[in-house]
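Computation of the quantities below employed the complete heavy-atom set of this structure, encompassing side-chain atoms and omitting hydrogens, waters and symmetry-equivalent molecules. Throughout, a chain's letter reflects where its sequence line sits, starting with A, and its residues are numbered from 1.
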Protein chains: 2
Amino acid sequence: MSDERGDRPYLKRFLRGRRGGNIAPDDLAALEAAAQGEQTYRSRAIVVRAGSPVTNSTLLLEGFMCRYMDDRAGHRQLVAIHVPGDFVDLHGFPMGWLDHDIGTIGSVRVANWAHSALEEVLEHRPRLTRMMWFSTLLDAAMHREWVFRLGRLDAIGRVAHLLCELEVRLDMVGLAENGRYHLPLTQADLAEACGLTGVHVNRVLRSLRERELLLFRNNEVTILDKAALRALAEFDPMYLYGDPPDR
Amino acid sequence: MSDERGDRPYLKRFLRGRRGGNIAPDDLAALEAAAQGEQTYRSRAIVVRAGSPVTNSTLLLEGFMCRYMDDRAGHRQLVAIHVPGDFVDLHGFPMGWLDHDIGTIGSVRVANWAHSALEEVLEHRPRLTRMMWFSTLLDAAMHREWVFRLGRLDAIGRVAHLLCELEVRLDMVGLAENGRYHLPLTQADLAEACGLTGVHVNRVLRSLRERELLLFRNNEVTILDKAALRALAEFDPMYLYGDPPDR
DNA sequence: CGAAATCTTGAACAGCCTCAACTTTCGTGG
DNA sequence: CCACGAAAGTTGAGGCTGTTCAAGATTTCG
């Protein structure tokens, strides 16, 4: 699975590790060929604004991006964090525009597809269309889990759950090793994803460290006790639709 | 828009009121013809279990349904509420199974499509496929708004926001009038959707009543001051992708 | 009509927030 | 390479929002 896409520089991580994520070689080649080329954005850049027309879609190749909404006071709520291999704004393809902003976290490298080109490629490829559809529904499944996280878990559970999710997703695309991964989020960013304040996230991280469950220092997460952390977070990666060996 | 589908008993409410929700007549006819017929479920029934294979998809014709997940203690978190015209488990078509349970709230009437029949209809209908895809992305947009609601609003804002959302969605399908609509939820159900306790939802409803913003009695919601309620809830229906006149 | 579910209210508590001050790290230009 | 300012992280004290527990009132439904 990881090698057979070595010659697909853009799509090599797309749907990697997902159950049913095997795309037929000709579909994959057609999609890869329709790309417009790659692009970079600097850290903390806004890539898509809520409400403005979206005419192309972006696959994240390197780095982290997020989707977010602001409340009246201007405080952000992150609604998604994207890792390499994610189509960050494919929702804009059937929708035409987006209800939220999309921005970068660190600096990123992305690939682009014009919607017109996508339409052409997908016109006679119902299987590939369903794969793309599937990939947007993975986002929906993560959204639901985030609703659960915010609605039912306390502060420590929320932070733990998010960091468990990222470990699995990064592991699927080969960017985590033994529960260690790079994560260029500030504590304030974590707070914006977890519906907490930065101050409280700081205390939560201290508690996780003191319980010897997890470390987060220098933009690096180290999970010390995965089983205990997952128990605390009520985390079950089922909703990520991974291949059985990855679960 | 509302009349031209009068002869489509199942689909007459599907994507009604949505921007870009105009389905070509032949697509609509083909989809309607592929339905397996209708079915009813009693109140508080479980329709789909998380993790079990889904081989058909369900369009809600009458009544209310919900999607939910349970925490370790057995407490529910609702992740979606469905109204007539919603394809409640279309996510199962590209996914094959679901990460959450689906149940009824009151008693309901639904129509069913076998996935094999759907596949056949959609095989050569990329436009219709994108409409179905779009309808699942409306769910995703609502999920995101629920994340925002739970992450950034206080108790009164959360309840107000949910009831604002349901007013718009029910109005789109002709089931709300002047801010009044039938809603067979208990206060405990509302609590499960808002990440609150039933006790506190009771106090919140009292506060909304005393502020003369909204009444909820006898399974009926009456919005008394829509502008003030929306302001309190930081509610903007943009994310529901409605036709401009409905916004 | 009676039982069960739902709604309502009160009192005490806990978790997270706010505000504030201080420390450490990062980034940039001299 | 160092110095400096800005950003990020850390810690404490006090307060508010929503929870928990409990009891009673009301409604629903068989």
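Distance A/H75 NE2 to C/dC17 P: 12 Å, rounded to the nearest Å. Between A/L205 atom CG and D/dA8 atom C1' the separation is 13 Å, expressed in whole Å. The CD-P distance, from A/E220 to C/dT25, rounds to 16 Å in whole Å. If you measure from atom CG of A/L153 to atom P of C/dC16, you get 11 Å, rounded to the nearest angstrom. The interatomic distance linking B/R206 (CZ) with D/dA25 (C1') rounds to 14 Å, in whole Å. Atom-to-atom, CZ of A/R44 to P of D/dA6 comes out at 18 Å; the value is rounded to the nearest Å. The CG atom of B/L190 sits 12 Å away from the P atom of C/dT8 (whole-angstrom rounding). Distance B/D154 CG to D/dT19 P: 11 Å, rounded to the nearest Å.
Salt-bridge annotation for B/R67 and B/D101: absent, with no side-chain N of the basic residue lying under 4.0 Å from a carboxylate O of the acidic one. Salt-bridge formation is detected for the pair B/R44/B/D189: a Lys NZ or Arg NE/NH1/NH2 atom is positioned less than 4.0 Å from an Asp or Glu carboxylate oxygen. In summary, B/R169 and B/D86 engage in a salt bridge, as defined by a charged side-chain N under 4.0 Å from a carboxylate O. Comment: B/E165 does not engage B/R149 in a salt bridge, judged by the lack of any side-chain N to carboxylate O separation of less than 4.0 angstrom.
For D/dT10, one of the phosphate oxygens OP1 or OP2 lies less than 4.0 angstrom from a side-chain nitrogen or oxygen of A/Q187. Between A/N202 and D/dG9 there is no side-chain N or O to OP1 or OP2 distance below 4.0 Å. The side chain of B/N218 contributes an N or O atom lying less than 4.0 Å from OP1 or OP2 of D/dT28.
When the nucleotides C/dC16, D/dT19, C/dC7 are ranked by their closest atom to the side chain of B/L196, D/dT19 comes out on top. If you check D/dT10, C/dC16, D/dG18 against the side chain of B/A155, the one that comes closest is D/dG18.
Looking at which nucleotide of DNA chain C each of A/T197 and B/F216 is closest to, the 5′-most match is held by B/F216. Residues A/V199 and A/R158 each lie close to DNA chain C; by heavy-atom proximity, the contact nearer the 5' end of the strand is made by A/R158.
Using cut-offs of 30° and 60° on the angle between ring planes, the pair B/F14 and B/F87 is perpendicular.
A donor-acceptor contact under 3.5 Å is formed by the side chain of B/R203 with the base of C/dG10.
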